[in-house]
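Throughout, a chain's letter reflects where its sequence line sits, starting with A, and its residues are numbered from 1.
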Number of protein chains: 2
Amino acid sequence: MARERKFTDEQLFKATKQMIIQDGYEAFTFSKLAAILHVSRGSIYKYYENKDELISEFLMYEMNRFLHNFNRLDKSGDFQTQLDLLIDFIFEQSNIHQVLEIIQQIPVNTTKRVENNKSRLNEYHIDMYQQFQGLIDLGRKENVIKSHLPTAVLLGMIFQTIAIPNHFNIPQEEWIASIKEVLIHGMLKKD
Amino acid sequence: MARERKFTDEQLFKATKQMIIQDGYEAFTFSKLAAILHVSRGSIYKYYENKDELISEFLMYEMNRFLHNFNRLDKSGDFQTQLDLLIDFIFEQSNIHQVLEIIQQIPVNTTKRVENNKSRLNEYHIDMYQQFQGLIDLGRKENVIKSHLPTAVLLGMIFQTIAIPNHFNIPQEEWIASIKEVLIHGMLKKD
DNA sequence: ATTCAAAGTGACACTGGTGTCACTAAAAAA
DNA sequence: TTTTTTAGTGACACCAGTGTCACTTTGAAT
């Protein structure tokens, strides 16, 4: 060690996240980030060659956190129990949706480090998808899921629901319970 | 009239749409747009004072087109028939989702024309929402919708499903049919 | 106390987008 | 044919972000 750092990775990633989620990939700049962290722009270049590299590192960090938490979930219950847990979990981690979208926006011509991160992020994504797929397979094995529905549709719908904007500020619990209800049993009364 | 124009509004909006949907609001520039249209950048300033104004006009154009088509839909059937038609329609107009998102990104400090367009877009949005709400009300009147589910959740889910990425390229028809099935009756077999 | 290594700074040259404007080009009206 | 009107051009000054680098600061090790 030599001199104390003026900002931690956590602070940097937190600021990055806020900025990117609020205004998008293109609006993220080293200048603004430096201002938030109360350091000079130059100091950030000590750790990241450019914006793409910084963002790809941020995404790795977020993805690791997500997968780590995901792996802690109880995988012992039956399909319905696990689905319930999964949906609750996804809503807790509701930013993962945005994270996955940002991955697509990393440009192509950059540094080795970025390319490396991009392919690792892709692997993670596939890995995550396969774990979810395992859950659907369980549902099929238990013979509770309508067998003609494609797995991609089921996962897509589960995953997409977290991004529904709750404009009317319906209480979180009611909101999630209602979404679960529709996903599992539909919006119509049984006849 | 004096001289012939080198590009039509339609061409301009088409290029704008492509650019914005692909790379986002911030990545849109007059330079790129001028290049696509094979004109000088300066000529675009003859019609739009700046980027925000151009994009807000583009959004008005898209929204008008959407509402115009929407008003052509047959509103005479019962709830299920109309819901079917609506979902098909939304999938046909799948970009409306992105259009609505872009509206939120127009910055605040701009020209009168932009502010004007922004508030009109908001009115349109509310108008559209109310029409959809009318459909849900019909479902409630017909007593086919589960009465405890909030309208916002039902509309949110219907609307959000068009944005599910079909990574595995499941045929459009099967894709839409499956989504309808889940929305209406859920993913589980009836017991 | 001196030295050293990492952290941080700010000035510099550069790039790409912005908005403007005097000017040119072309088509219709006179 | 000349005039008028609108479309289009490209050069200019400007701004904000980029990436670099010689330099300064700071804290720990010798």
query: Salt bridge between A/Lys112 and A/Glu115, side-chain N to carboxylate O under 4.0 Å?
result: no
message: So, using ring-ring contact (aromatic ring centres under 6.0 Å, His included) as the criterion, who are the partners of A/Phe28 when residues are at least two apart?
response: none
Where the side chain of [X] is defined as all heavy atoms beyond and including C-beta, which of [options] is the nearest nucleotide?
X: A/Lys46; options: C/dA25, D/dG27, C/dA7; answer: C/dA7
X: A/Val39; options: C/dA27, D/dG8, C/dT9; answer: C/dT9
X: A/Lys6; options: C/dA7, D/dG8, C/dT9; answer: C/dT9

Output a table of nitrogen or oxygen pairs between the protein and nucleotides 11-18 of chain C separated by less than 3.5 Å.
from	atom 1	to	atom 2	distance (Å)
C/dT18	OP2	B/Phe30	N	3.4

Base C/dA7 to side chain A/Arg5, donor-acceptor N/O within 3.5 Å cut-off: no
Quiz item: B/Arg3 side-chain donor-acceptor pair to C/dA26 base, under 3.5 Å: no
Please tabulate, for the side chains in residues 141-152 of chain B, all donor-acceptor contacts under 3.5 angstrom to protein atoms that are two or more places apart in sequence or on a different chain.
from	atom 1	to	atom 2	distance (Å)
B/Glu142	OE1	B/Phe79	N	3.3
B/Glu142	OE2	B/Phe79	N	3.0
B/Asn143	OD1	A/Lys189	NZ	2.5
B/Lys146	NZ	A/Glu181	OE2	2.7
B/Lys146	NZ	A/His185	O	3.3
B/Lys146	NZ	A/Gly186	O	2.7
B/Thr151	OG1	B/Arg140	NH2	2.9

Distance check needed: [N] [atom2] versus [X] [atom1], whole Å only.
X: A/Leu54; N: D/dG19; atom1: CG; atom2: C1'; result: 14 Å
X: A/His38; N: C/dA7; atom1: NE2; atom2: C1'; result: 18 Å
X: A/Leu37; N: C/dG8; atom1: CG; atom2: C1'; result: 13 Å
X: A/Leu12; N: C/dA7; atom1: CG; atom2: P; result: 14 Å
X: B/Ile44; N: D/dT6; atom1: CD1; atom2: P; result: 20 Å
X: B/Leu33; N: C/dG19; atom1: CG; atom2: C1'; result: 15 Å

- prompt: Below 6.0 angstrom between ring centroids: does that apply to B/Phe66 and B/Tyr61?
  reply: no
message: Quick check on the 6.0 Å ring-centre criterion: do A/Phe159 and A/Phe132 meet it?
response: yes
task: Tell me which residues in residues 14-23 of chain B put a heavy atom below 4.0 Å from DNA chain D, sorted by number, or none.
output: none
Residue pairs, two or more places apart or on separate chains, that pass ring pair (Phe, Tyr, Trp, His ring centres under 6.0 Å) and touch residues 95-130 of chain B: A/Phe168-B/Tyr129
Touch class at under 4.0 angstrom, heavy-atom based, for A/Tyr47 against every strand present: sugar-phosphate
query: Roughly how far, to the nearest 0.5 Å, is CD1 of A/Ile179 from CD1 of A/Ile162?
result: 10.0 Å
When the side chains of residues 31-43 of chain A are checked against the rest of the protein, which donor-acceptor pairs come out under 3.5 Å, sequence neighbours left out?
from	atom 1	to	atom 2	distance (Å)
A/Lys32	NZ	A/Ala27	O	2.8
A/Ser43	OG	A/Ser40	O	2.8

- request: Is it possible for you to check whether B/Lys75 lies under 6.0 Å from the centre of the six-membered ring of B/Phe70, through NZ or CZ, and within 45° of that ring's axis?
  value: yes
- prompt: Any side-chain N or O of A/Ser43 under 4.0 Å from OP1/OP2 of C/dG8?
  reply: no
